Amino acid sequence: MKNKKVIVVGATGMLGSQIVSELISQGAEVTAMVRESSNRDQLRELGVKNFVVGDMMDAASLKNVLSSEPGFDVIVASAAGYTRRKKGDNAKTDTIGYKNLVDATKQAGIPRFVLISILESDKAQSVPHFYNKYLIEQYLQEKEQPYIALRPGAFLDQTPDFILDKIKKGIFPTFLKGTYGIIYTPQLAKYTALAAVTLPDSELNTSIDVGWETPVNGKILSDAFSKILKKDLEIKPVFPAFVLKYILPIVAKFSENIHDMYQMIGWIETGIYISKDPIRQKTLFGELPSVEESVKAYCTDRGLI
């Protein structure tokens with residue numbers, strides 16, 4: 001990994017900052033692309049020395065950043081406008097913004113683009129913020145920009161992390177119904193760093209499912225937390241059944257975000273949100289994390305044990 005020059009877009013986010021940390025710990029030379037208003041303190045604490053100012057919705061700024069000398073070996077993109085983490089963020093980042101980024105990357109001749117996509121996104125036409133990731137995968141192919149798309153499932157740790165406070169009170173909150181693929185953010189950060197600077201060029205121009213060795217549901221996760229914490233947890237849905245059945249469909253008619261979330265919940269309930277090729281993940285990245293070891297890592301990191 002040493003001397004690989006990697007630029008990270010979305011570096012100030014929860015996932016992006018962990019990708020930065022993983023890259024630095026393994027010897028990569030990291031540059032963080034930030035907006036003018038972004039707080040850089042956490043990244044400086046992680047050891048980032050190089051910053052460039054750019055905005056995915058400003059194509060000219062991307063061209064200036066990515067075409068600068070000396071050039072970059074890899075670009076990693078974990079930005080997500082859908083989350084609206086900062087004022088001014090919106091879903092256009094995930095469509096127009098990412099196309100701008102691909103165009104600028106291609107023009108700059110950067111030989112590898114690592115995209116954080118979404119598990120089974122090609123089958124999620126009813127869920128805009130899922131399907132948009134697949135459309136960017138397609139755009140990378142269309143522009144003949146060499147890429148690796150990592151496709152994680154749901155995140156064990158959310159932003160904000162709504163699990164933590166509930167668990168402390170003896171409750172395990174369930175947001176998703178059905179069975180689905182899942183990952184813990186530090187695991188995805190590690191896979192992303194490996195995809196950026198370790199995987200051979202023979203793995204370019206492809207998508208890779210990443211997650212745990214088995215899919216989960218609310219009971220499987222609750223049982224794992226109970227075992228690790230050595231205490232019983234009461235399973236409670238974040239949304240009561242009557243809210244899902246009667247209220248969300250009405251609110252979804254007036255809110256793009258709620259509509260997307262409502263469609264996502266229904267889509268996941270079909271059982272399609274599961275890795276179809278865990279063997280490939282194992283071949284490329286090593287043994288898949290188990291449910292219990294992942295939950296234990298989360299509990300340790302959050303000071304629960």
Side-chain angles (χ1 to χ4, degrees), residues 1 3-13 15-17 19-20 22-24 28-36 38 43 48 50-82 89 91-118 121-122 129 131-152 188-189 191-208 210:
M1 282 195 175
N3 301 322
K4 285 285 188 179
K5 294 180 175 62
V6 183
I7 182 167
V8 180
V9 180
T12 59
L15 172 59
S17 61
I19 291 171
V20 165
E22 189 69 34
L23 285 165
I24 290 174
E29 183 181 319
V30 175
T31 296
M33 191 182 91
V34 298
R35 285 176 285 193
E36 191 68 53
S38 296
L43 292 173
V48 177
N50 304 317
F51 293 88
V52 290
V53 176
D55 190 319
M56 291 173 66
M57 297 304 294
D58 181 351
S61 74
L62 297 178
K63 179 181 177 180
N64 290 337
V65 164
L66 299 184
S67 298
S68 61
E69 296 292 341
F72 299 105
D73 299 305
V74 187
I75 180 169
V76 173
S78 64
Y82 166 80
D89 284 353
K92 290 182 179 179
T93 301
D94 304 323
T95 53
I96 298 171
Y98 262 96
K99 286 185 176 182
N100 289 340
L101 190 63
V102 173
D103 290 343
T105 301
K106 178 67 176 179
Q107 185 172 357
I110 299 173
R112 182 172 299 199
F113 188 116
V114 179
L115 172 71
I116 305 301
S117 187
I118 291 178
S121 56
D122 54 308
H129 80 281
Y131 196 65
N132 285 340
K133 292 294 188 181
Y134 170 66
L135 294 179
I136 298 305
E137 291 182 28
Q138 292 294 98
Y139 194 71
L140 285 159
Q141 293 180 29
E142 176 187 329
K143 293 296 180 177
E144 298 183 344
Q145 166 60 48
Y147 75 97
I148 296 173
L150 296 182
R151 289 181 164 190
L188 178 56
Y191 297 146
T192 304
L194 292 173
V197 291
T198 297
L199 291 188
D201 288 347
S202 59
E203 301 301 333
L204 288 174
N205 304 319
T206 189
S207 61
I208 305 168
V210 289

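Note that the numbering runs from 1 along the sequence shown for the chain. Only heavy atoms go into these numbers, but all of them, side chains included; no hydrogens, no water, no symmetry mates. Computed from a predicted structure; not experimentally measured.
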Nearest heavy atoms of [X] and [Y], plus distance in Å:
| X | Y | value |
| --- | --- | --- |
| F51 | V34 | CD2-CG1, 4.2 Å |
| A11 | L43 | O-CD2, 3.4 Å |
| G10 | S78 | O-OG, 3.5 Å |
| V8 | G16 | CG1-O, 4.4 Å |
| V30 | V48 | O-CG1, 4.2 Å |
| S121 | Y134 | OG-CB, 3.5 Å |

If I take atom [atom1] from residue [X] and atom [atom2] from residue [Y], how far apart are they, to the nearest 0.5 angstrom?
| X | Y | atom1 | atom2 | answer |
| --- | --- | --- | --- | --- |
| L194 | I208 | CG | CD1 | 10.0 Å |
| L23 | I19 | CG | CD1 | 7.5 Å |
| E142 | K106 | CD | NZ | 11.5 Å |
| N132 | T93 | CG | OG1 | 11.0 Å |
| L199 | R112 | CG | CZ | 6.5 Å |
| M57 | T95 | CE | OG1 | 6.5 Å |

Qualifying residues under side chain to side chain donor-acceptor pair (under 3.5 Å), relative to D73, sequence neighbours excluded: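 Testing D73 for side chain to side chain donor-acceptor pair (under 3.5 Å), a comparison that skips the adjacent residues, returns none.
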Residues two or more places apart in sequence or in another chain: which of them pass side chain to side chain donor-acceptor pair (under 3.5 Å) with D55?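 So D55 forms no side chain to side chain donor-acceptor pair (under 3.5 Å) with any residue.
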Using modelled atom types only, decide if a donor and an acceptor are shared between the side chain of [X] and the backbone of [Y] within a distance under 3.5 Å.
| X | Y | result |
| --- | --- | --- |
| N100 | M56 | yes |
| S67 | N64 | no |
| K133 | I116 | yes |
| K143 | D103 | no |
| S38 | R35 | yes |

Looking at side-chain heavy atoms only, is the closest gap between [X] and [Y] below 4.5 Å?
| X | Y | answer |
| --- | --- | --- |
| N3 | E29 | no |
| V197 | V74 | yes |
| L62 | Q107 | no |
| T192 | E22 | no |
| L204 | I148 | yes |
| Y98 | L115 | yes |
| N205 | E144 | no |
| D94 | L135 | no |

Can D122 and E137 be said to form a side-chain contact (heavy atoms from CB on, under 4.5 Å), step by step? CA-CA 9 Å; D122 54 308; E137 291 182 28; over 6 Å; no
Pair T105, Q145: side-chain N/O donor-acceptor within cut-off below 3.5 Å: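 No - no donor-acceptor pair under 3.5 Å links their side chains.
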